[in-house]
Amino acid sequence: MMIAVFMTLIGFAVIGKAMYIMTAKKQYWMEVASRLKRDSVSVKPGRGNILSCDGQLMASSIPEYKIYMDFQAGSDDTTWVRKRDSLWVEKLDSICTELSQIFPSRTAAEFKANLTEGRNKVLKSGKVGARHWAIWPRRIDYNTFCEVRKLPFFNLPIYRSGFHWEEFNARRRPFGSLAQRTIGDMFGAKDSAKYGLELSYDTVLRGTNGLMHRRKVLNKYMDIPVLNPIDGADIVTTIDVGMQDLAEHAVIDELKEINGEMGVAILMEVKTGDIKAIVNMERGSDGQYREMVNRAISFRCEPGSVFKVASFLVALDDGVVDTSFVIHTGSGVMEMHGRAMKDHNWRRGGYQDINVARALEVSSNIGVSYVIDKYYGSNPAKYVQGLYRVGIHEDLKLPLVGYQPPYIRMPDTKTTDRAKYWSKTTLPWMSIGYETQIAPINTVAFYNAIANDGKMMKPRFVKQIVKDGQVVREYEPEVLKERIAKPQTIKTMQTVLEHVVSQGLGRKAGSKSFKVAGKTGTAQVADQYGSYHSGTTRYWLSFAGYFPADNPRYTCIVCLKKSGLPASGGGMSGVVFHRISEGVMAQNLKLSVDDARDENSTFTPAVKMGDREAADYVMSSLGLKGECTDMPATARNVVPNLVGMGARDAVYQLESRGVKARVRGRGKVKSQSIYAGTAVKQGMLCELVME
């Protein structure tokens, strides 16, 4: 009984206390609630890197900041407000002076006027003082941000001083514009991908946002992590930095030499289909050449004489002719269904009687068109089906946005669309590379299949996806067609293409050091109105081939667009092909270590604290005796002295401490942006200048 009475009394006490809080103390607790704020903040992950085939950074994210002032920060604490106002007046001049030293383009007086304007701004609510007033209009890097944070007043806690910031992941390419259209770029303000691999692999690179609850209790904020962000993965491309740089310089040099409008080059590894270099240069309004659009995959045009190889491959594979079949080209002009087909030397009397092989060597229009019209004129669909069969029409399904698959139409005489109508002259002109639309990437994939004994490989741009140093996905080489033609047909065409360079029009693409096989192409291209006769004639000059011809390793296509004569695929594009092939083969030379070692030398080099396993391997390979002398070790929580190190060891030292590295130049470290001995902080980026 006593227990029941006791519990009843407790119940009445609880109810009474609740009524007291709801009435007498209501205003007090309402004020407390008004000072308790809770919201969820999205936390952005770090964007993954884009790497070259050998692991060099081609695109990486570094933090950038926009800095602001909240002139109403801490206004809930009246005691602090009085102290803050007096402190602001006291420190304003020194703040502005130091800001002017950090940002020399603006004077201290201009900073003072700007900050005073923000402090005196009247809001719609009637309160005075902007909440999000920009101190500097543009983004700043991490080092500059740290300098600003150290200034008087700004170094106070964020919710007292009002100094706050927005962090962005700025995308940087250590090699500048190298392969820019293929690697891609970002919309900085939106933090979204524009084009290239950045766009195609955006979901992989972007990562997953995290979540943080931010609570304001009285006058203090508490950040409570709920879900940690997951950083994006890295992608390893097939691009070789050295080959890309070589190809870009070769294309630009020739464009300047011939006053060209546009240049494209693609270097493809025969066995794997790996794209080692891809160049897209166009002349801007300022006369400078730069990458604007990925023309290598998107510029469909009439390919010209490089297409003749596909035509003869169909005829040879169907067995309608062989290489000894003689064609009567006469004096270089032949009427075909009411139109004159001409060879390039028709003013000099033409080639007279030549066989099929020689027709390709000298790029005879009559030789090719006569054979195709003679044996496929009554059934042109069989010829087009043959083109589909040999892979020149293959949709490569590339991972890059903007790719345009080839357009080779089937015979159709009933359509009202003039672009699709099939006339008597369509077949002979199609056979020499007109009335078709093919991008350079498809042409190089076709020639690569010939180099690869008939096996067509899909062009590969990305090899791996890597997360935290571990490969999470591997993109294996992909075969599109096991065989584009009979083995004997492929062997025959390989021999003919080798002769094009050794004794035909492609001599300038050849090399004295190794054999080259390929085909030249010179075609007139229409202007923006679809006309070929609007004044100045525009030419699409190309050379497609592979090297070394006796053991093919790389396939390459070079295309140049220019206006007016002279115009020669072999003499212009072939020259670029020669420079690229010579440079690539020179890079692949292997020299014996023993040839460079002085057996009488007892010199043992000092090795700094880098990747010790790699250093030991190099020392043993050089045959050096004795132990390496390590430089003094540096604590793990400070930035080490990297001057004199190679790039690999310097990056290893930084990344092992959680510091991101950006390398500029080649050779050994000349200087580092963060001084040795500086305490390591999260998000640090150290730029290494090499020489």
Side-chain angles (χ1 to χ4, degrees), residues 46-64 141-144 169-180 182-186 196-198 205 231-249 276-277 291 462-464 466 468-469 587 607-615 617-618 631 634 636 638-678 680-691:
R47 189 173 180 85
N49 299 318
I50 298 180
L51 308 171
S52 66
C53 63
D54 58 352
Q56 297 188 68
L57 276 175
M58 300 198 77
S60 183
S61 291
I62 62 172
E64 285 188 344
D141 59 34
Y142 178 75
N143 291 335
T144 306
N169 278 327
R171 208 63 170 163
R172 290 292 180 268
R173 292 187 297 271
F175 293 100
S177 62
L178 202 71
Q180 178 178 341
T182 303
I183 298 303
D185 204 353
M186 304 285 291
L197 296 175
E198 292 276 20
L205 294 164
D231 289 343
D234 300 338
I235 62 172
V236 181
T237 70
T238 59
I239 302 294
D240 182 288
V241 171
M243 295 180 185
Q244 179 72 31
D245 184 57
L246 170 70
E248 286 192 8
H249 279 90
K276 311 304 290 184
E291 293 211 336
V462 174
K463 295 196 298 183
Q464 296 172 333
V466 178
D468 299 326
Q587 286 183 6
V607 179
K608 287 195 173 185
M609 291 293 291
D611 186 340
R612 186 55 185 266
E613 289 185 5
Y617 173 77
V618 172
M631 301 299 286
T634 307
R636 307 302 295 174
V638 298
V639 176
N641 180 14
L642 305 171
V643 175
M645 284 191 182
R648 180 171 178 175
D649 284 339
V651 171
Y652 172 85
Q653 283 289 337
L654 289 173
E655 293 186 347
S656 65
R657 289 169 167 80
V659 180
K660 288 189 176 181
R662 181 170 66 189
V663 179
R664 190 153 57 88
R666 295 182 180 179
K668 294 183 178 180
V669 177
K670 177 185 177 183
S671 63
Q672 57 192 86
S673 62
I674 300 177
Y675 295 113
T678 304
V680 171
K681 296 180 182 178
Q682 186 176 4
M684 266 190 170
L685 173 76
C686 184
E687 183 177 277
L688 305 175
V689 178
M690 319 292 285
E691 70 168 7

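Values reported hereafter were calculated over all heavy atoms of this structure, with side chains retained and with hydrogens, waters and symmetry mates removed.
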Whether [X] side chain and [Y] backbone form a donor-acceptor pair below 3.5 Å:
| X | Y | value |
| --- | --- | --- |
| Asn49 | Leu51 | no |
| Glu291 | Gln180 | yes |
| Lys276 | Thr238 | yes |

How about [X] and [Y]: do any of their side-chain heavy atoms sit closer than 4.5 Å?
| X | Y | result |
| --- | --- | --- |
| Thr182 | Thr237 | no |
| Val663 | Pro174 | no |
| Asp185 | Arg173 | yes |
| Arg657 | Val639 | no |
| Val466 | Val236 | yes |
| Gln244 | Phe175 | no |

So, taking the atom named [atom1] in [X] and the one named [atom2] in [Y], what distance separates them when rounded to the nearest 0.5 Å?
| X | Y | atom1 | atom2 | result |
| --- | --- | --- | --- | --- |
| Met58 | Leu178 | CE | CG | 5.0 Å |
| Gln464 | Ile235 | CD | CD1 | 11.5 Å |
| Asn641 | Gln672 | CG | CD | 5.5 Å |
| Met690 | Leu642 | CE | CG | 9.5 Å |
| Glu248 | Ser177 | CD | OG | 6.0 Å |
| Ile50 | Leu57 | CD1 | CG | 10.0 Å |

Taking all non-hydrogen atoms of both residues into account, name the closest pair between [X] and [Y] and its distance.
| X | Y | result |
| --- | --- | --- |
| Asp54 | Gln56 | OD2-NE2, 3.1 Å |
| Cys686 | Ile674 | SG-N, 3.8 Å |
| Ser673 | Leu685 | OG-O, 4.0 Å |
| Ser61 | Arg171 | OG-NH1, 2.8 Å |
| Ala277 | Ala247 | CB-CB, 4.2 Å |
| Gln587 | Asp240 | OE1-OD1, 4.3 Å |

Inset, instruction - Step by step, work out the side-chain contact (heavy atoms from CB on, under 4.5 Å) result for Lys463 and Cys53. - result: CA-CA 8 Å; Lys463 295 196 298 183; Cys53 63; 4.0 Å; yes

Legend entry - Arg664 CZ: over 12 foreign heavy atoms closer than 6.0 Å: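 Counting neighbours around CZ of Arg664, 12 or fewer heavy atoms of other residues, nucleotides or ligands fall under 6.0 Å, so no.
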
